[in-house]
Every structure is written in structure tokens, then in C-alpha cells.
Amino acid sequence: MQNVGHSYLSELNDIQRGAVEATEGPVMVIAGPGSGKTRVLTYRIAHLINIGVAPWNILALTFTNKAAREMKDRIEKVIGSGAHKVWAGTFHSLFSRILRVEAHRIGYPNDFSIYDTDDSKSLIREIIKSLNLDSKVYNVGAVRSRISTAKSNLMSPQAYAQNDDLLSLDKMNRRPMIFKIYELYVKKCKRAGAMDFDDLLLQMFNLLYKNPDNVRAKYQSQFSYVMVDEFQDTNSLQYEILKLLTVFDGSPHNVCIVGDDAQSIYSFRGATIENILQFEADFPAVQVYKLEQNYRSTNFIVDAANEVIGFNKKQIQKKIWTDNGDGRKIKVIKTMTDSEEGRRVADSIIEQKNRWHYANKDIAILYRTNAQSRVFEEHLRRHNIAYRIYGGLSFYQRKEIKDMIAYIRLCVNHKDDEALKRIINYPKRGIGKTTMEKLTKVADDNEISIWQVITQIELKGSHKRTIGGFINDIKEMQKRVMVEDAYKASLYISQKSGIIELLKADNTPEGKSRIENITALLDAIKEFVEDDEISPGEEAPEDKSLARFLQSISLMTDADQDTEQVDVVTLMSVHSAKGLEYKSVFVVGLEENLFPSYMSLSLPEQIEEERRLFYVAITRAEEMLTLTYANSRYQFGNMRFNDVSRFLEEIPESATDSTILTVKKDFPQPKILGNFKKVGAGRGALPQVDAGKFVASPITAIKEGVSVMHLKFGRGTVVSIDQRKVATIRFDQISDNPEKRIMLQYAKLQVLED
DNA sequence: GGGGGCTATGGGGGG
DNA sequence: CATAGCCCCC
């Protein structure tokens with residue numbers, strides 16, 4: 001046994017230490033928020049290495065690259081170098097790395113392309129069209145999600161076509177042909193040598209299940225210790241892969257899963273809590289450790305979290321507790337509009353920084369939907385507070401980057417039809433819609449890729465120049481990819497493609513920033529080539545091909561950037577905040593229809609998932625938690641009025657400092673019917689108006705003394721109107737300065753019949 | 001047959 | 001408010 005002189009075991013409480021030292025056999029760790037889960041995982045890996053397990057025999061699966069990187073960094077701190085040889089990473093990235101070596105065994109090229117969501121959608125759109133189906137009924141997003149769910153449940157197109165439940169459900173939704181779209185989609189992905197995100201899991205499953213050349217045994221023996229983080233977020237497919245790797249004759253069953261049913265927030269992508277229950281059945285004699293002591297937050301926050309999650313019926317019994325002391329009470333901020341919400345949050349941030357000397361990086365603003373970020377961005381900028389937004393459009397989703405990547409993809413894998421379609425006419429080469437439709441038809445009829453079509457048919461007339469030119473360009477680029485390093489080849493591609501030239505012609509600030517982005521991409525490739533680190537488990541020199549670069553970036557998201565280095569306020573969705581913690585957290589937009597989302601209102605189990613999401617949100621806070629909501633906000637381009645979120649009302653009054661929360665459960669909850677509901681009377685909210693049905697009255701109808709409804713300020717009475725058609729209106733709901741001067745020319749006013 | 005501008009529609013969370 | 005599909009002009 002090595003002794004690295006690190007007393008890591010003494011830094012753990014009894015239960016944590018138990019989980020770390022239980023290295024043999026199946027282990028389940030139920031870990032409440034802030035209970036030192038990451039510490040247990042990393043120390044467990046460090047401990048394994050310490051007692052003589054080779055790092056490359058350890059497989060640690062996480063859900064985000066960030067979690068994986070953090071884990072590796074922390075292992076390194078405990079055991080020194082060698083940490084990077086642990087196979088730690090996301091399911092998708094580690095499996096794609098394995099498939100990069102093994103894919104040829106199951107009929108894919110090792111240089112397979114990875115289709116992102118846009119590629120998938122574009123392909124599905126094309127299929128819907130080719131089947132002459134109504135694209136309004138067959139919503140691509142909905143179809144894609146059906147296919148994704150099918151794959152996550154190991155439902156092949158053939159099985160789908162024979163499953164009466166699925167077929168009748170589709171029929172009920174007026175989309176009976178989904179099974180056919182699914183079949184064609186799988187066929188076309190395969191033909192293009194492409195895997196979508198689900199395939200990275202599904203084909204890994206196929207590889208192990210079909211077991212060509214007895215490849216399964218290789219990985220079963222390599223990964224003698226397996227750990228899965230955030231197990232509550234695994235879907236059936238991921239669980240089946242886990243079993244293929246760890247359940248076999250003579251297996252030591254050294255599997256450790258870590259999770260928290262109360263933080264399960266990904267059922268929309270097929271995650272199922274059943275996996276936790278199933279685990280106990282599939283791995284008998286599992287040792288269970290429950291981490292309930294919270295080291296992160298103060299008592300008011302922990303209390304609120306326990307209270308809120310108590311409203312859920314489905315849960316494993318557990319209660320988190322802390323001895324961190326009561327701390328500061330939870331603050332609730334109510335505002336009239338979303339814009340005011342932005343201002344108040346920015347003001348509070350300044351106040352908190354002054355009062356408690358918080359740095360920007362101690363503070364996070366968490367919202368339910370990425371679209372909410374805009375108002376906060378505006379006000380933070382106005383106050384000169386540095387911030388960074390996560391999620392939304394990541395670098396690799398920018399158009400110019402995707403264009404450039406598409407060229408590289410086509411060079412690496414010429415069968416990649418989605419890449420080809422993206423750039424065959426960008427920059428403009430005179431290859432339009434009609435030509436593409438014909439080429440696609442030929443490709444479909446012969447079951448070959450479009451590249452094969454254009455390189456095999458005889459080009460006639462103008463096509464000789466247009467398509468011929470494209471083929472020559474790509475072939476030139478391919479040559480460079482073969483003989484030059486990834487950086488030089490992509491530099492050549494950027495010029496030869498004409499992208500650089502095209503963007504240089506655009507002198508707008510957007511055009512300039514696009515050039516900068518292309519340069520940044522090229523720099524990233526250069527860095528990739530020059531990086532001398534070796535990837536987990538690999539003994540051979542690192543593969544520096546463009547193919548591997550593509551693989552590494554296709555799984556990258558914005559959330560993977562490092563936050564700690566720079567002093568900025570963090571803005572992100574609650575989903576991407578999972579696993580993170582901040583001294584001060586703002587959870588914003590706490591309104592019905594938003595949080596909980598209007599999409600989830602009709603199903604109780606979806607409401608419960610929203611509640612777990614809220615639980616995740618509030619347990620990110622260490623010292624200070626601020627909850628905000630707005631009476632009105634712009635949603636879908638219209639002003640909407642939403643009630644205060646039920647979740648806010650579930651927070652115990654004793655934990656808040658608020659006198660603002662006067663409207664507790666005095667009013668009956670209106671019935672919610674899935675769609676936007678009318679704003680109820682009372683509640684201290686704005687008066688009755690259905691924003692959806694709001695009709696502005698003509699100027700002539702606005703007269704002195706009439707009652708009017710204003711979309712932002714609510715009900716009011718016209719006091720006077722001057723010659724310039726400016727009305728002075730006294731609004732019932734505005735406490736300070738109730739009289740506003742409204743320009744009738746632009747005003748959105750509706751006369752109320754009393 | 002290709003390109004560009006306009007209208008209509010839909011709109012959650014993420015690997 | 002962004003994108004897709006449509007229509008019109010070259």
C-alpha cells in the first residue's frame with residue numbers, strides 16, 4: 001500500500017468514510033444536496049488507487065464534463081499525478097472515445113460523424129417531407145423526442161412498429177407515421193456513418209451486447225471498479241450498459257452508484273427513478289449509505305428545502321440537516337414587471353457585495369428558461385457588474401463555426417450528408433434547392449450518400465462547373481487533412497472554402513466578430529494539436545487527428561467553461577446549476593406557468609419534477625437565498641400576467657424575512673387547465689385581464705373619467721387628457737406615483753365596461 | 001432553376 | 001423574437 005501522506009480519511013464523517021472504504025461489491029450512496037458527495041466520489045477513487053488499483057481500471061461516469069474535470073482535479077490533489085489516467089468523464093464522451101476505436105466492429109466507420117440536435121432535426125424534416133407528411137402535424141421537435149425516447153428505452157424501429165401501445169399513442173396524437181420516420185432516420189444515419197447523441201449510448205450498448213470478437217470481455221476486465229454519479233438521472237439504456245459492463249459470471253460487482261432521488265430532474269430525456277429501485281434488485285447485498293448532513297447551507301435554507309420537497313408524494317424518506325447555524329433569512333422580492341425584476345436583482349447584488357463583501361463569483365442568478373437571461377444581462381451591464389451567461393448559444397453552435405466544422409466533418413467522413421447539405425451551397429456556388437432535391441432522390445433510391453452520388457454520376461451542363469468545383473475543393477481539402485496536421489489543414493480549409501473571404505467582405509460588427517470566432521476556432525485546433533497531455537487510459541501517443549478534435553468538441557457545451565478563474569456573476573438555468581454552489585443565489589421568475597413551466601401543469605408527476613428542480617435551485621445557496629417574481633412579464637412576445645409560483649408559497653414563512661409574502665393561501669388556487677390561465681382576482685396581483693385577449697381600444701374611446709386597462713400598469717382611471725393626446729391616468733395598483741402620463745398614440749389601453 | 005425577401009408560426013430543460 | 005416555408009423576381 002502506497003502512502004502518499006494525505007490524511008484524506010480524517011476529512012470525512014463516519015458515513016462518508018464508510019462509503020469510501022467499501023470498495024468491494026455493490027454500493028449505493030444516497031447523497032442529499034451539499035452532503036459532500038463529490039468529496040466521497042473523489043476520495044473513493046483516490047482510496048482505490050492508494051490500495052493498489054490501477055487508475056485505468058477505474059471507470060467514473062458523470063453527466064457533465066465539468067463534473068468530470070472537477071473530479072479529476074480533486075483526485076490529483078489527493079494522489080498527485082496519475083489522476084488523469086482514471087477513466088472519468090461523461091457517458092457520452094467516454095463511450096464515444098471507445099467507439100472511436102471499436103465502431104468498425106458494428107458496421108460504423110471509426111471516423112463516424114456525430115449528429116447534433118440540429119443535424120437530427122434537419123434529417124427528420126427531410127424525411128417528413130419525403131413521406132409527404134404535413135410538417136405542421138409532424139412537428140420535428142416532437143418527432144425527434146419520440147425517437148430519442150425510443151432509443152433510450154432500447155426500442156428498435158422494428159420493435160416500435162410492432163408495439164401497439166406506442167402506435168396507438170402516436171395515432172392519438174395524429175402522428176401515426178412516426179414508426180416509419182424512425183426507421184428511415186436510423187437507416188439514413190447509418191448510411192451517413194453518423195451517430196446522434198443517443199447513438200453514442202445505443203451503439204455502445206450494441207457493441208457490448210452483440211459482442212463481436214468478444215469485445216465485451218475486454219471492457220469488463222478493464223473496468224474493474226465502476227462509479228456512476230447522479231445515478232437518478234440515468235435512463236434505461238445507460239443502466240443496461242452499466243449492467244453489461246459489471247454483471248457477468250465471476251464479476252466482483254464493484255459498482256458504486258451515487259445519487260439523490262430528490263434531485264432527479266431529467267425525466268424528460270428518459271431518466272427514471274426506477275433505476276435506483278432496480279439497482280437493489282439487480283445487485284443483491286448492496287451496501288447503502290445515506291448522506292444527510294448538509295455542509296453547504298445554513299439552516300433557514302435547509303429548512304425551506306425540506307419543507308418544499310415534502311410536498312412531493314414520491315420520494316425516498318430522508319431529511320437533510322445542518323449544524324451551520326440559522327444564517328440569514330430568505331429574501332423574497334416581488335416586482336411589477338420582468339424588467340423591474342432585473343433591476344431589483346442588480347440592486348441587491350450591489351447591496352450584498354457592499355454589505356457582506358461578496359465577490360461577483362460568489363453570486364449566481366438561476367432561472368427556469370434560458371430566455372429569461374436578457375433582462376438580468378441588461379441591468380448587470382448597466383450597473384457595470386461583470387457576468388457570464390451559461391447555456392444558450394454555445395461557441396460551437398454559432399453559425400460560422402458550424403459552417404467551418406461542416407467542411408471539416410465532410411473531409412473526415414464524406415458520407416456525412418448533413419454536413420454536405422449545410423455547405424454545398426455556402427458560400428454560394430449556384431447549387432440550389434431543386435438540384436439538391438434531385439440529388440437526395442438519387443441517393444435515397446440507391447441507398448448511398450450524396451457525396452457518392454455527385455462523384456459517381458456524370459455531371460452535365462452548368463453542374464459541371466458548380467458541383468464539379470465543389471468536389472474538387474473538398475478533394476483538395478481532404479488531401480491536406482491526410483498529409484498535414486489538424487491545424488494547418490483547417491487553416492487551409494478556412495481559406496479554400498471561401499468562408500474567410502466571404503466574412504471579410506462583411507464590415508458590420510457581426511461580420512468582424514464572426515471572423516474572430518473562426519480565428520478562435522483555429523486557435524483551439526492549434527492548442528489541441530500542441531497539447532501534450534495524454535487522455536485517460538491511453539498508452540499510445542494521443543491521436544491528434546481532426547476526427548478526434550471533432551469528437552471532443554461535439555460533446556462540448558457552454559457549461560463546460562471554467563467559472564472559478566474569473567470574477568463574474570453567473571447566469572444559468574437551474575438545470576445546468578446542478579452540482580454547483582454559490583454563497584448567494586437568486587432564483588428568479590417564480591411564477592405559475594414559468595416555474596413550474598406551463599408545459600408541466602397538467603400532469604402531477606411533472607409538477608413533482610418541477611418541484612425537485614426548485615429544490616435543486618434553492619439548495620445551491622450557501623448563505624444567502626433570494627427568491628423573486630414579477631406580476632407581469634414578456635413571454636412569447638406578449639405581456640403575460642402570471643400568479644406567484646406555488647413553490648414560493650411552499651416556503652415556510654419562518655425562514656423568510658418577508659412581509660411581502662402577505663398573500664399566502666387566502667385565495668383558492670384557480671383551476672389550471674394546461675394552458676395560460678386567467679389571472680385571478682385578489683392576490684394583490686394586477687386586476688382581471690386576460691393578456692391573450694387584450695384588445696387595445698381606439699384613441700377616440702379614451703376619455704376623461706373612463707376606466708381603462710393598461711398591459712403593464714393594470715387598471716386605472718383617466719384623470720385628464722391634454723391637447724398632445726397625453727393622458728394622465730391614475731392606476732389602482734401602483735402605490736408610489738400612481739399617476740402616469742401615457743402617450744395615447746403608443747399606448748396599449750383597453751376601455752373597461754363597468 | 002436559383003436567390004432573396006416576406007409572412008406565418010411556434011416557443012423547456014441538455015448530451 | 002427566431003426560423004421555416006412561401007412567393008416572387010431574376
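Naming convention: chains lettered A, B, ... in sequence-line order (proteins, then strands); numbering from 1 in each chain.
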Undergrad: Rounded to the nearest angstrom, tell me the gap between atom OH in A/Tyr634 and atom P in C/dA2.
TA: 15 Å
Undergrad: Return the 5'-most residue of the pair A/Gln606, A/Asp198 with respect to DNA chain B, ranking by each residue's nearest nucleotide.
TA: A/Gln606
Undergrad: Please tell me whether A/His575 and A/Phe63 form a close aromatic pair, meaning their ring centres lie under 6.0 Å apart.
TA: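 No: the rings miss the under 6.0 Å criterion.
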Undergrad: For a quick check of understanding: with a heavy-atom distance under 4.0 Å over all strands, which category does A/Arg144 fall into, base, sugar-phosphate or nothing?
TA: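 A/Arg144: base contact, heavy atoms under 4.0 Å.
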Undergrad: What's the CZ-P distance between A/Arg465 and B/dG1, to the nearest Å?
TA: 16 Å
Undergrad: Quick one: look up who B/dG14 pairs with, Watson-Crick or G-U, both distances under 3.5 Å, and put none if it's unpaired.
TA: none
Undergrad: Would you mind telling me which residue lines up with the more 5' stretch of DNA chain B, A/Arg429 or A/Arg269, judged by nearest nucleotide?
TA: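 In this pair, the answer is A/Arg429.
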Undergrad: OP1 or OP2 of B/dT9 less than 4.0 angstrom from a side-chain nitrogen or oxygen of A/Asn139, does that happen here?
TA: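 Indeed not, no polar side-chain atom of A/Asn139 lies that close.
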Undergrad: Would you mind reading off the distance between A/Tyr367 atom OH and B/dG13 atom P, rounded to a whole angstrom?
TA: 10 Å
Undergrad: Respond yes when some side-chain nitrogen or oxygen of A/Ser576 is under 4.0 Å from OP1 or OP2 of B/dG13, and no when none is.
TA: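 Looking at the OP1 and OP2 atoms of B/dG13, neither is under 4.0 Å from any side-chain N or O of A/Ser576.
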Undergrad: Only one of A/Arg374, A/His379, A/Glu378 clears side chain to side chain contact (heavy atoms under 4.5 Å, CB included) with A/Ser339; which?
TA: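 Testing A/Ser339 for a side chain to side chain contact (heavy atoms under 4.5 Å, CB included) against A/Arg374, A/His379, A/Glu378 leaves exactly one candidate, A/His379.
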Undergrad: How close or far is atom P of B/dG12 from atom CD of A/Glu592, stated in whole angstroms?
TA: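 It works out to 18 Å between those atoms.
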Undergrad: Can you tell me how far C1' of B/dG15 sits from CD of A/Gln203, to the nearest Å?
TA: 16 Å
Undergrad: Using only modelled atom types and a 3.5 angstrom limit, is any donor from either the side chain of A/Arg368 or the base of B/dG12 paired with an acceptor on the other?
TA: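 Flag set: donor-acceptor pair detected.
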Undergrad: With respect to the side chain of A/Thr117, which nucleotide from B/dG14, B/dG15, B/dG12 is positioned closest?
TA: B/dG15
Undergrad: Among the candidates B/dG4, B/dG1, B/dG12, find the nucleotide nearest to the side-chain atoms of A/Lys428.
TA: B/dG4
Undergrad: Whole angstrom is fine here: how far is it from CE in A/Met639 over to P in C/dC1?
TA: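 Result: 11 Å.
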Undergrad: Can you see if the side chain of A/Lys433 gets near the phosphate of C/dC6 - specifically, an N or O under 4.0 Å from OP1 or OP2?
TA: no
Undergrad: For the side chain of A/Thr369, starting at C-beta, report the closest nucleotide among B/dG15, B/dG2, B/dG12.
TA: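 Of B/dG15, B/dG2, B/dG12, B/dG12 is nearest to the side chain of A/Thr369.
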Undergrad: Assign A/Asp116 to base, sugar-phosphate, or nothing according to its heavy-atom contacts below 4.0 angstrom with the strands shown.
TA: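 Answer is nothing: A/Asp116 stays at 4.0 Å or more from every strand.
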Undergrad: Do the side-chain N or O atoms of A/Thr90 get closer than 4.0 angstrom to the phosphate oxygens (OP1, OP2) of B/dG15?
TA: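 Indeed not, no polar side-chain atom of A/Thr90 lies that close.
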Undergrad: Below 3.5 Å, does any donor atom in the side chain of A/Glu437 face an acceptor in the base of B/dG1, or the other way round?
TA: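 No pair found.
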Undergrad: Test the A/Arg100-A/Phe112 pair against the cation-pi criterion, namely NZ or CZ under 6.0 angstrom from the six-membered ring centroid and within 45° of the ring axis.
TA: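 Yes; both conditions hold, so A/Arg100 lies above the ring face of A/Phe112.
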Undergrad: As a test of understanding, state which of A/Asp119, A/Ile450, A/Leu439, A/Asp416 forms a side chain to side chain contact (heavy atoms under 4.5 Å, CB included) with A/Lys421.
TA: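 That would be A/Ile450; it is the only one of A/Asp119, A/Ile450, A/Leu439, A/Asp416 passing the side chain to side chain contact (heavy atoms under 4.5 Å, CB included) with A/Lys421.
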Undergrad: If you go through the side-chain atoms of A/Asn370, does one of them form a donor-acceptor pair with the base of B/dG13 closer than 3.5 Å?
TA: no
Undergrad: Tell me the interatomic distance from A/Ile124, atom CD1, to C/dT3, atom C1', rounded to whole angstroms.
TA: 17 Å
Undergrad: At under 4.0 Å, does any side-chain N or O of A/Asn235 touch on OP1 or OP2 of B/dG15?
TA: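 No, outside the criterion.
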Undergrad: Once you round it to whole Å, what is the distance between C1' of B/dG3 and CD1 of A/Ile431?
TA: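 Those two atoms, CD1 and C1', are 14 Å apart.
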Undergrad: Quick one: sort the A/Phe95 and A/Phe91 rings into parallel, tilted or perpendicular, breaks at 30° and 60°.
TA: perpendicular
Undergrad: Do you know the tightest heavy-atom contact between A/Leu601 and A/Pro596?
TA: CD2-CG, 3.9 Å
Undergrad: Below 30° counts as parallel, above 60° as perpendicular, anything between as tilted: where do the rings of A/Phe614 and A/Phe595 land?
TA: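 Perpendicular: the ring planes of A/Phe614 and A/Phe595 meet at over 60°.
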Undergrad: Between B/dG12, B/dG15, B/dG1, which nucleotide has the shortest distance from any of its atoms to the side chain of A/Met599?
TA: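 Ranking B/dG12, B/dG15, B/dG1 by closest atom to the A/Met599 side chain puts B/dG12 first.
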Undergrad: How would you label the contact of A/Phe91 with the nucleic acid (heavy atoms, under 4.0 Å): base, sugar-phosphate, or nothing?
TA: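 Answer is nothing: A/Phe91 stays at 4.0 Å or more from every strand.
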Undergrad: Please check the phosphate of B/dG1 (OP1 and OP2 only) for any side-chain N or O of A/Lys438 closer than 4.0 Å.
TA: yes
Undergrad: Would you say whether A/Tyr266 stacks on B/dG14? The test is a distance between ring centres of less than 5.5 Å and an angle between planes of less than 30°.
TA: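 Answer is no, no stack.
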Undergrad: Specify the residue among A/Arg374 and A/Arg125 whose closest nucleotide of DNA chain C lies further upstream toward the 5′ end.
TA: A/Arg374
